[in-house]
Amino acid sequence: MIVAKENASKLDMGVVKGGRYLLVPFFTLYMILFLYLPLLPHSVHCQCTKTPIIFNFGDSNSDTGGYADGVGLNFAPPNGRTYFHQPARRLSDGRLMIDFLCESLNTDYLTPYLNSLEPNFTNGVNFAIIGSATLPRYVPFSLFVQVSQFLRFRYRSPALMLNGCKDLVGDEDFENALYTIDIGQNDLAASFDNLTYSQVIERIPSFITEIKNAIWNIYEKGGKKFWVHNTGPLGCLPQKLALLARNATELDKHGCLQPLNNAAKTFNAQLRVLCEQLRRELINVTIVYVDIYSIKYDLIANASNYGFESPLMACCGNGGPPYNYNANINCGRTGYTVCHEGSKFISWDGVHYTEAANAIFASKILSTHYSTPQLSFNFFCNNM
């Protein structure tokens with residue numbers, strides 16, 4: 001069920017004036033997380049001997065506030081309503097996959113690199129920024145720019161610590177750190193805006209090359225542990241389904257756009273080959289390739305089995321069924337609608353996922369069943 005929202009753009013310190021929104025009932029969300037978070041193997045809730053260090057590179061799937069910090073933007077409610085109970089600089093109703101992965105290591109959520117207000121980088125840095133892609137290379141905040149930021153941090157952090165600065169990362173910790181990469185979705189999405197399917201496929205090797213360069217650059221500065229996510233089923237996003245012209249033959253049996261999903265599969269196949277190649281080329285390096293596509297598609301295809309409804313419909317947006325997506329009235333803007341039971345929806349705003357969906361994604365990631373090789377975060381915890 002969807003409830004209409006009014007005057008949501010009139011904000012003062014994150015409080016809606018002249019309108020209201022309904023929070024997800026706590027008990028409903030609790031039951032979703034209670035049912036699925038125990039699926040995590042007990043071993044992944046590790047006690048590291050040292051504070052785990054994570055450096056994350058990516059886009060909105062893992063941006064914990066970099067975009068908001070960079071442009072000085074406060075996201076509007078109902079973003080963040082589920083867990084944080086206020087906008088938390090994330091495009092979701094709550095936590096992201098990266099947040100749950102940090103929880104599995106018993107470490108704090110990652111601080112964005114662009115956070116200038118008393119940042120704490122003792123457990124790593126989040127370089128991910130909403131809208132980021134691998135190309136164009138020199139446009140903020142491409143993967144190349146994010147790695148450039150890391151290289152500057154790599155150079156400056158140990159020197160500053162020697163001068164008495166705190167809340168940074170020591171020289172020896174960079175070699176033991178975990179480097180997580182989740183990027184490519186925006187490259188494919190932008191390509192489909194003005195290219196044919198065959199032209200999109202032709203561009204994919206250039207995206208993969210940028211990821212290869214990123215891993216090499218980090219490796220040359222001591223990085224040895226990499227965690228690489230492939231890209232999800234782009235053709236199942238309510239945004240794409242609502243905006244792209246299509247015919248019935250382009251939809252699969254679950255209602256997703258096959259051309260977009262096929263492009264994602266092509267990207268993923270090449271990314272997997274890259275990871276295999278780099279394992280052979282780089283010395284004393286661990287590279288885990290994680291099949292995020294299968295994890296997300298399984299939840300969408302079998303939504304009812306997980307207690308979800310309307311898997312191709314956004315919880316927060318405008319337009320109602322079947323997708324509740326309107327490019328002119330995004331989640332949080334005047335006129336948006338939001339579901340009563342956010343935990344029953346997979347898609348939060350047509351592009352990003354709900355906390356309940358992210359919790360299941362994280363549980364499957366940590367199961368190791370979708371990883372090559374089958375190493376969990378527990379492995380990295382014990383080797384940090």
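Residue numbers start at 1 and run along the sequence shown.
- Within the 4.5 Å cutoff, the side chain of Asn261 has heavy atoms near those of the Asp252 side chain.
- Below 30°, between 30° and 60°, or above 60°: for Phe75 and Tyr67 the angle between ring planes is below 30°, a parallel geometry.
- Side-chain atoms of Gln258 come within 3.5 Å of backbone atoms of Thr249 as a donor-acceptor pair (strictly under, hydrogens ignored).
- Ring orientation note: the planes of Phe57 and Phe127 are close to parallel, at an angle under 30° on the 30°/60° scale.
- Both Ile183 and Trp216 are assigned to one and the same hydrophobic cluster, defined by single-linkage of ILVMFWY side chains at heavy-atom distances under 4.5 Å.
- Listed by chain and residue number, Tyr138 satisfy the ring pair (Phe, Tyr, Trp, His ring centres under 6.0 Å) test with Phe144 (two or more places apart in sequence, or in another chain).
- At a threshold of 4.5 Å between non-hydrogen side-chain atoms, the residues Ser92 and Tyr83 do not count as touching.
- Looking at His369 and Gln374, their side chains come closer than 4.5 Å, going by heavy atoms from C-beta outward.
- Ionic pairing of Arg89 and Asp69 is present here: one or more N-O contacts between side-chain nitrogen and carboxylate oxygen are shorter than 4.0 angstrom.
- Checked by atom type, the side-chain pair Arg137/Ser142 shows no donor-acceptor distance below 3.5 Å.
- Counting only residues at least two apart or in different chains, disulfide (SG to SG under 2.5 Å) contacts with residues 239-285 comprise Cys236-Cys256.
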Would you check, one step at a time, whether the test ring-ring contact (aromatic ring centres under 6.0 Å, His included) holds for Phe55 with Phe150? CA-CA 8 Å; Phe55 295 105; Phe150 163 76; 5.2 Å; yes

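- Hydrophobic clustering (side-chain heavy atoms under 4.5 Å, transitive across Ile, Leu, Val, Met, Phe, Trp, Tyr) keeps Leu282 apart from Val273.
- Looking only at side-chain heavy atoms (C-beta outward), Phe84 and Arg95 come within less than 4.5 Å of each other.
- No continuous path of hydrophobic side-chain contacts links Val139 to Ile211 [ILVMFWY only; heavy atoms under 4.5 Å].
- The side chain to side chain donor-acceptor pair (under 3.5 Å) search around Glu202 returns none, not counting sequence neighbours.
- Under the 4.5 Å side-chain heavy-atom criterion for ILVMFWY residues, a single connected hydrophobic cluster contains both Ile283 and Leu178.
- Under the 3.5 Å distance criterion, the side-chain polar atoms of Asn186 are matched with a main-chain donor or acceptor of Ser132.
- Thr64 and Arg90 share no side-chain donor-acceptor pair at under 3.5 Å.
- Note on Leu151: it clusters hydrophobically with Ile181, by side-chain heavy-atom contacts below 4.5 Å among ILVMFWY residues.
- Annotation: the span from Asp59 atom CG to Leu91 atom CG amounts to 10.5 Å, rounded to 0.5 Å.
- A donor and an acceptor atom, one from each side chain of Asn123 and Thr51, are nowhere located under 3.5 Å apart.
- Residues Leu110 and Ile98 are in side-chain contact: their nearest non-hydrogen atoms beyond the backbone lie under 4.5 Å apart.
- Of the possible polar contacts, none joining the Arg280 side chain to the Leu278 backbone as a donor-acceptor pair under 3.5 Å is found.
- Counting only heavy atoms from C-beta outward, the side chains of Leu105 and Leu101 never approach each other to under 4.5 Å.
- Residues Cys102 and Ile54 approach most closely at SG-CD1, 4.1 Å, considering heavy atoms.
- A distance of 11.0 Å separates SG of Cys331 from CG of Asn318, quoted to the nearest 0.5 Å.
- A salt bridge does not link Glu309 to Lys344: none of the charged nitrogens lies less than 4.0 Å from a carboxylate oxygen.
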Assess the residue pair Phe226 and Tyr219 against the criterion (ring-ring contact (aromatic ring centres under 6.0 Å, His included)); give the C-alpha distance rounded to whole Å, side-chain angles, the decisive distance to 0.1 Å, and a yes or no. CA-CA 9 Å; Phe226 297 89; Tyr219 167 74; 7.6 Å; no

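- Pairs of residues two or more places apart, or lying in two chains, never qualify as salt bridge (Lys or Arg N to Asp or Glu O under 4.0 Å) while including a residue from residues 104-131.
- With hydrogens and angles left out, the side-chain atoms of Asn324 and Thr337 include a donor and acceptor closer than 3.5 Å.
- Side-chain N/O atoms of Tyr109 and Glu103 include a donor and acceptor closer than 3.5 Å.
- Side-chain rings of Phe361 and Tyr353 approach one another, their centers coming within less than 6.0 Å.
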Given salt bridge (charged side-chain N to carboxylate O under 4.0 Å, His left out), test Asp291 with Arg272 step by step and report yes or no. CA-CA 9 Å; Asp291 188 5; Arg272 183 174 189 128; 5.8 Å; no

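- Sorted by first and then second residue, the salt bridge (Lys or Arg N to Asp or Glu O under 4.0 Å) pairs with a member in residues 140-152 form an empty list; sequence neighbours excluded.
- With hydrogens and angles disregarded, a donor-acceptor distance shorter than 3.5 Å links the side chain of Asp187 to the backbone of Thr134.
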Under the disulfide (SG to SG under 2.5 Å) rule, what do Cys315 and Cys339 come out as? Steps first, then yes or no, please. CA-CA 5 Å; Cys315 167; Cys339 59; 2.0 Å; yes

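- Shown here for Leu312 and Pro238, the closest heavy-atom pair between the two residues is O-CG, 3.2 Å.
- Put simply, the side chain of Asn262 reaches to within 4.5 Å of the side chain of Tyr197, judged on heavy atoms.
- Asn120 and Thr111 form no side-chain donor-acceptor contact under 3.5 Å, judged by distance and modelled atom types alone.
- Taking a 4.5 Å side-chain heavy-atom cut-off between Ile, Leu, Val, Met, Phe, Trp and Tyr, the cluster of Tyr297 extends to Tyr293.
- For the pair Asn302 (side chain) and Asn305 (backbone), a donor-acceptor distance under 3.5 Å is absent.
- Ion pair Lys50/Asp173 flagged as a salt bridge, since at least one NZ, NE, NH1 or NH2 atom sits closer than 4.0 Å to an Asp/Glu carboxylate oxygen.
- Side-chain atoms of Gln149 and Phe141, non-hydrogen and from C-beta on, do get closer than 4.5 Å to each other.
- The number of heavy atoms from other shown groups lying within 6.0 Å of CG (Asp193) is above 12.
- Using modelled atom types, one finds a donor on one side chain and an acceptor on the other under 3.5 Å when comparing Ser60 with His352.
- Trp227 and Asp182 are not linked by any side-chain donor-acceptor pair at a separation below 3.5 angstrom, with hydrogens and angles left out of the test.
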